Structure formats: C-alpha cells, structure tokens
Amino acid sequence: MITIALTGWSDHELIQRDRSRKLEDYASHFPVVELDTSFYAIPSRTNILNWIDKTPESFTFFPKAFNMMTLHKPFQPDFSRMDDVFDAYLDAFSPMIEQNRIKSFLFQFPPYFDCTRKHVNYLKYVRSHMRDLPVAVEFRNQSWFSENNQERTLELLKLLEFSNVIVDQPQTPNNSVPKVIRSTHSRLSVLRLHGRNYEGWLGENVKDWRAERTLYNYSDEELMEFKEIIDQLSKQSMEVCVIFNNNSGGHAAQNAKTLQKLLNLSFDYLGPQQLDLF
C-alpha cells in the first residue's frame, strides 16, 4: 500500500474550495496528513476531537512530536520533568490513539542531535515513553549515517521499532542527512520530501529561512525518480507513506497529485469532493 500526505492542510490552495472547510477539502484528496502544529504546542483535546469529527473514519494523522520531546527546547520551566511532557502530549492525543487515527508520530530531531551515547539513550527513552505506539524518526545530523555508524543506526531503529524517515533534501554541511533507502519497520516506511532548494536549506543568505527552505517545485522527471525508491520500500514494508513538505511556494499539492498519477494510485474512503478537477 502506498499513501500520500502533505504537511498541514491550510496552505494548499489547489485543493481548497471553502476556506472554512480546509480540513474537509484536504481529506477529500489525501488519506493522511502530517500534523505540524503539534511541534509548536500540544493541541487541546477540543481541537483534536474537532479534527477527528471533520475527517472520514479511515483518515489518519501523522503528528509531529512536541518540540520539547525532540530537544529543540528545554522542558523547564513549563514542566518539572520530561516524563510530564510525554504524559501531557499522549493524553491530548488519546482520542486519536483510541480511535486508531494515528499513522505514526514523527520525531524530527535537530541538527545538534548527533550520534552519541547520550542521544542513543534518549531514543531508548522515547520508545519507553511512547509505549507500543508507532514512531518515525528523522535525523538532521549526518553522524547517524556516517560510514561507521549507518548500519548501527539502522539496527537501533529496528530494535526500537522506529520507522526510518528517508528524506529528499539538499545536502548542506550542517543540517542534512543522506537519502538512506532502507526500511527499519515491516509495517511502515516513510519518504519525506523537503525539496532541493540548496540555498534556502543552507539558510546563510536568505531573508526568511523558514519561508524559503522548502521553496521548491519538483519536476515530473524528479518525481519519477521516487517511483523506484517507493517500489524498493514496498518490498520491505506493508505501507509506504510519502509526505510532501515543500510548502513554501504552494507546490506540495500539485506535486503530490502528479506523483499520484505517475503511480496510478487511487485512494478509497476519502471525503466527498465538491468538484473534481483532477
């Protein structure tokens, strides 16, 4: 099974028909969404129940871990213990967990999260506190996939039952990892596409790094490159989820629709479309 997702549902004008029904419109085109707002704040129970109500029963979410959980920010003074951060996060998402609406939780670690004993132990800590829930891990430090560490990293991810997030991104010196096309979980492989804007990803000579790093429009030829990768991953996992994160210029939805056509995919049990332009 191959599924396609976009990051968030608010920035994709191509598939929006009603500004007051953005999530419903999104769910009429794609079966999964990456929930990026949960990186910046733990969502309220009200919001989570609302998102569930607005989507079909088969629709799933791919929530990003809260920034304290990925060590982007210290947990103090907001929390007294890291355990409390995980407890609050999982409590908020309990309705989605109970209704089987989580595809996986995404732990995207910062560039300074390098391959050290301390951070290996933290990955073990994550697994213990995420219990048996599905977790996908994306690194931003090359040391995890160095010549000496790559196989050990993949074995660690397998041992902890984490899905290795395979990324397509510019290979900048300090915040990128190579595209290691290896699945570490028999249930789910994840291919996350950030675009190939080298200068934007590097962030040295840009005015707004957050706005420009994912400013990229994949060509049809580039999208066809992913077919072979997806075919390879399909032999290793029951499902391959492809996530388009190239949102800055509004290209993600069109690129995702093009890939869907190239792969000859149709998604069942979507929400109703007001007008099918595709």
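Since the model is a prediction, treat every value here as computed from it, not as a measurement.
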Between [Y] and [X], is the closest basic N to carboxylate O distance under 4.0 Å?
X    : Y    : result
E222 : R196 : yes
E151 : R182 : yes
R81  : D84  : yes
E34  : K103 : no
E138 : R140 : yes
K227 : D231 : yes
K158 : E155 : yes
D91  : R45  : yes

Can you tell me how far [atom2] of [Y] sits from [atom1] of [X], rounded to the nearest 0.5 angstrom?
X    : Y    : atom1 : atom2 : answer
S143 : N149 : OG    : CG    : 6.5 Å
S28  : L23  : OG    : CG    : 10.0 Å
Y125 : H119 : OH    : NE2   : 14.0 Å
Y218 : L193 : OH    : CG    : 4.5 Å
N50  : I52  : CG    : CD1   : 9.5 Å
R152 : S146 : CZ    : OG    : 7.5 Å

Backbone N/O of [Y] and side chain of [X]: donor-acceptor pair under 3.5 Å:
X    : Y    : answer
S163 : L188 : yes
T153 : F145 : no
Y89  : F66  : no
T60  : I102 : no
R127 : E161 : yes
N141 : P111 : yes
T70  : N67  : yes
Q169 : G195 : no

Using the side chain to side chain contact (heavy atoms under 4.5 Å, CB included) rule, take V137 and V165 through it: C-alpha gap first, then chi angles, then the decisive distance, then the call. CA-CA 6 Å; V137 170; V165 177; 5.6 Å; no
Between [X] and [Y], what is the shortest heavy-atom contact and its length?
X    : Y    : result
P56  : A27  : CD-CB, 3.9 Å
K22  : S10  : NZ-O, 3.5 Å
V242 : L259 : CG1-CD2, 4.0 Å
L71  : Y112 : O-OH, 3.1 Å
T172 : Q142 : O-NE2, 3.2 Å

Step by step, work out the side chain to side chain donor-acceptor pair (under 3.5 Å) result for N217 and N246. CA-CA 7 Å; N217 186 15; N246 56 325; 5.5 Å; no
Is it possible for you to say whether [X] and [Y] belong to one hydrophobic cluster, with membership spreading through side-chain heavy-atom contacts below 4.5 Å?
X    : Y    : value
I2   : M224 : yes
L49  : I42  : no
M1   : V190 : no
L265 : I15  : yes
I48  : L133 : yes

Any side-chain heavy-atom pair of [X] and [Y] under 4.5 Å:
X    : Y    : result
V177 : V167 : yes
W9   : H29  : no
W51  : V33  : no
F139 : F107 : no
I229 : K179 : yes

Pair F113 + W144: ring centers closer than 6.0 Å: yes
Centres of the F105 and F93 rings: under 6.0 Å? yes
Does the cation-pi check pass for K257 over F30, that is, NZ or CZ under 6.0 Å from the six-membered ring centre and within 45° of its axis? yes
With a distance cut-off below 6.0 Å to the six-membered ring centre and an angular limit of 45° from the axis, does K64 pair with F39 as a cation-pi contact? yes
Using side chain to side chain donor-acceptor pair (under 3.5 Å), reason through Q16 and R21 one step at a time and then give a plain yes or no. CA-CA 8 Å; Q16 291 170 358; R21 292 173 53 87; over 6 Å; no
Checking R101 against T55: is there a side-chain donor and acceptor pair closer than 3.5 Å? yes
Please tell me whether S183 and S237 have a donor and an acceptor in their side chains that are separated by less than 3.5 angstrom. yes
Under the side chain to side chain donor-acceptor pair (under 3.5 Å) criterion, do H194 and D168 qualify, and how do the steps go? CA-CA 6 Å; H194 298 297; D168 185 73; over 6 Å; no
